[in-house]
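Working notes for the structure below.
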Amino acid sequence: MIQRNTAAVRGLGMLVLSIAATLAATSVQAAGLSVVMAPSLDKARQDVGSALTFTMRNDSAEPISVLKWQTPFYGIEHDLFDVNVGGMDSDYNGRWIKRGAPGPDDWMTLQPGEAKSVEIDLSEAYDFSASGQYQMKYAIDLTEAGDAHDHGGRRGAVSKRIESFPILRWVDGTGQPNNYEETFPIGMKALNPTPAFESCSSTRQSSINTALSSARSYGINSDNYFASKTYSTVTTRYKTWFGTATSSRFSSVKGNYDRIEYALSNTKLTFNCSCTSSAYAYVYPTQPYRVYLCNAFWSAPNTGTDSKAGTIIHELSHFDVLGNTDDIVYGQSGAKSLAISNPSQAIKNADSHEYFSENTPAQN
């Protein structure tokens, strides 16, 4: 990012930076952990206002394990930060990842008194296209071992909330969102166009084609459900995954499936097979229609719960032009609980859309 370059503003900025670093040194504690965020001094001198130093410390007398993806130490692979400018939230444009139950390698452990730090640049995952005073803070619900598959770790049922004090920095925006690609209009004329493949073997291409055909059937079935219902006539199937229906919530989900089904049947999708992580898949929400497929995808069944076909529905729902969903919770149990506790969040949850489409076990 490019900052103001006048000597006066630069001098004032370094003074503000010094004050902000001092304020940020006051840690915020939760679950025996404390987090300190401060502007990155090295990058601040290079006028990178979105850069910061992140430190997490174990203040307890016992080892504490945290999911790696709930921290920025291994890259920003989840919506970990609250970023806003002028009171408006800045979009998270990083990866939205469908994950399975975490294994031993998905956790990091901090010993008593141990601290871990990393230098990060939030502009790599958040929209800093607007010029203005940005407020940035770490804010997440830490997941306990045993229920990470059911909770997305941000606004789900896990209650161990941890936040840092905010950092304030002026940023001269680029005028164009990061990770931006031209948004192609939905509606290529060919029916069921052949997808494009990147780094996919012939065996994997065949598996994707089978899954895509099943995903199209899921999309048609889901779209037909909403075409035959109103918010006052929804059945158990809708209520299980999206909760109590209102006119606006019903219309929102119906619109998502309308667009997803149309994209599945009329838009050329691109599948990239280069991912080697333990996740199922991921996308960048501002980059339709490219889907990155990871290790768990290949061992998943073609249809049914957490299937290949369902994963495609899940990932397409993330695209801004289709559903703009988040990963609020993961897993059937978490999605069902969310539908009961917070229907307004359920209609924005990607797994909820997937499980409605997979409809396993089948509900009317």
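Worth saying up front: this structure is predicted, and the values here are computed from it rather than measured. Numbers for residues simply follow the sequence, beginning at 1.
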Item to complete: For residues 354-364, pull every pair meeting salt bridge (Lys or Arg N to Asp or Glu O under 4.0 Å), keeping only residues two or more places apart or in separate chains.
Response: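 Passing the test, one end in residues 354-364: Lys98-Glu354.
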Worksheet item: What pairs meet the disulfide bond (SG atoms under 2.5 Å apart) rule with one or both residues in residues 277-334, with sequence neighbours excluded?
Response: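 Every pair satisfying disulfide bond (SG atoms under 2.5 Å apart) with a residue in residues 277-334: Cys275-Cys294.
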Practice prompt. Output every pair passing disulfide bond (SG atoms under 2.5 Å apart) with a member in residues 56-96, not counting sequence neighbours, ordered by first then second residue.
Written response: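 Every candidate disulfide bond (SG atoms under 2.5 Å apart) pair involving residues 56-96 fails, so no pair, neighbours aside, qualifies.
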Checking [X] now: which residues fulfil side-chain hydrogen bond (donor to acceptor under 3.5 Å, both in side chains) with it, not counting sequence neighbours?
X	value
Thr233	Thr230
Asn221	Arg237
Lys239	none
Thr240	Gln363

Worksheet item: What pairs with Asp258 under salt bridge (Lys or Arg N to Asp or Glu O under 4.0 Å), at least two apart in sequence or on another chain?
Response: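 Expected list: Lys254.
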For the residue pair [X] and [Y], does the interplanar ring angle fall in the parallel (under 30°), tilted (30 to 60°) or perpendicular (over 60°) class?
X	Y	result
Phe226	Phe250	tilted
Tyr282	Tyr284	perpendicular
His78	Tyr330	tilted
Phe242	Phe356	tilted
His353	Tyr257	tilted

Item to complete: Look at atom CD of Gln111 and say whether more than 12 heavy atoms of other residues, nucleotides or ligands are closer to it than 6.0 Å.
Response: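 Yes, because the 6.0 Å sphere around CD of Gln111 holds more than 12 heavy atoms from other groups.
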Worksheet item: For the rings on Tyr292 and Phe271, is their centre-to-centre separation under 6.0 Å?
Response: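 Centroid distance Tyr292-Phe271: not below 6.0 Å, so no.
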With heavy-atom distances below 4.5 Å as the criterion, would you say the side chains of [X] and [Y] are in contact?
X	Y	answer
Asp351	Val329	no
Leu122	Leu52	yes
Asp89	Val83	no
Arg57	Glu114	no
Leu33	Leu110	yes
Trp241	Gln332	yes

Worksheet item: Is Asp326 paired with Lys348 through a side-chain N to carboxylate O contact shorter than 4.0 Å?
Response: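 No, this pair does not count.
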Discussion item. What I want to find out is whether Glu261 reaches Arg259 closely enough, with some N-O distance under 4.0 Å, to be called a salt bridge.
Written reply: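 Salt bridge absent between Glu261 and Arg259.
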Worksheet item: Is it the case that one hydrophobic cluster holds both Leu316 and Phe197, taking links as side-chain heavy atoms less than 4.5 Å apart, direct or via other members?
Response: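 Linked within one cluster.
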Worksheet entry | Option among Tyr134, Tyr92, Trp170, Phe81 that satisfies the ring-ring contact (aromatic ring centres under 6.0 Å, His included) test with Phe128 |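 Checked Tyr134, Tyr92, Trp170, Phe81 against Phe128; only one passes ring-ring contact (aromatic ring centres under 6.0 Å, His included): Tyr134.
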Discussion item. Please tell me whether Ser274 and Ser199 have a donor and an acceptor in their side chains that are separated by less than 3.5 angstrom.
Written reply: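 Distance-only check fails for Ser274 and Ser199.
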Discussion item. Would you say Asp306 and Tyr355 are linked by a side-chain donor-acceptor pair, where the criterion is simply a distance under 3.5 Å?
Written reply: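 A pair is found: one side chain offers a donor N or O, the other an acceptor, under 3.5 Å apart.
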Discussion item. Looking at Tyr231, I'd like to know if the NZ or CZ of Lys229 sits under 6.0 Å from its six-membered ring centre while staying within 45 degrees of the ring's axis.
Written reply: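 Cation-pi check for Lys229 and Tyr231: fails.
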With sequence neighbours excluded, residues passing side chain to side chain contact (heavy atoms under 4.5 Å, CB included) with [X]:
X	value
Thr270	Ala196, Glu198, Arg290
Ser206	none
Ile340	none
Pro301	Ser307

Worksheet item: Hey, which of Arg95, Gln70, Lys68 is the one that makes side-chain hydrogen bond (donor to acceptor under 3.5 Å, both in side chains) with Glu77?
Response: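 Per the side-chain hydrogen bond (donor to acceptor under 3.5 Å, both in side chains) rule, the option paired with Glu77 is Arg95, out of Arg95, Gln70, Lys68.
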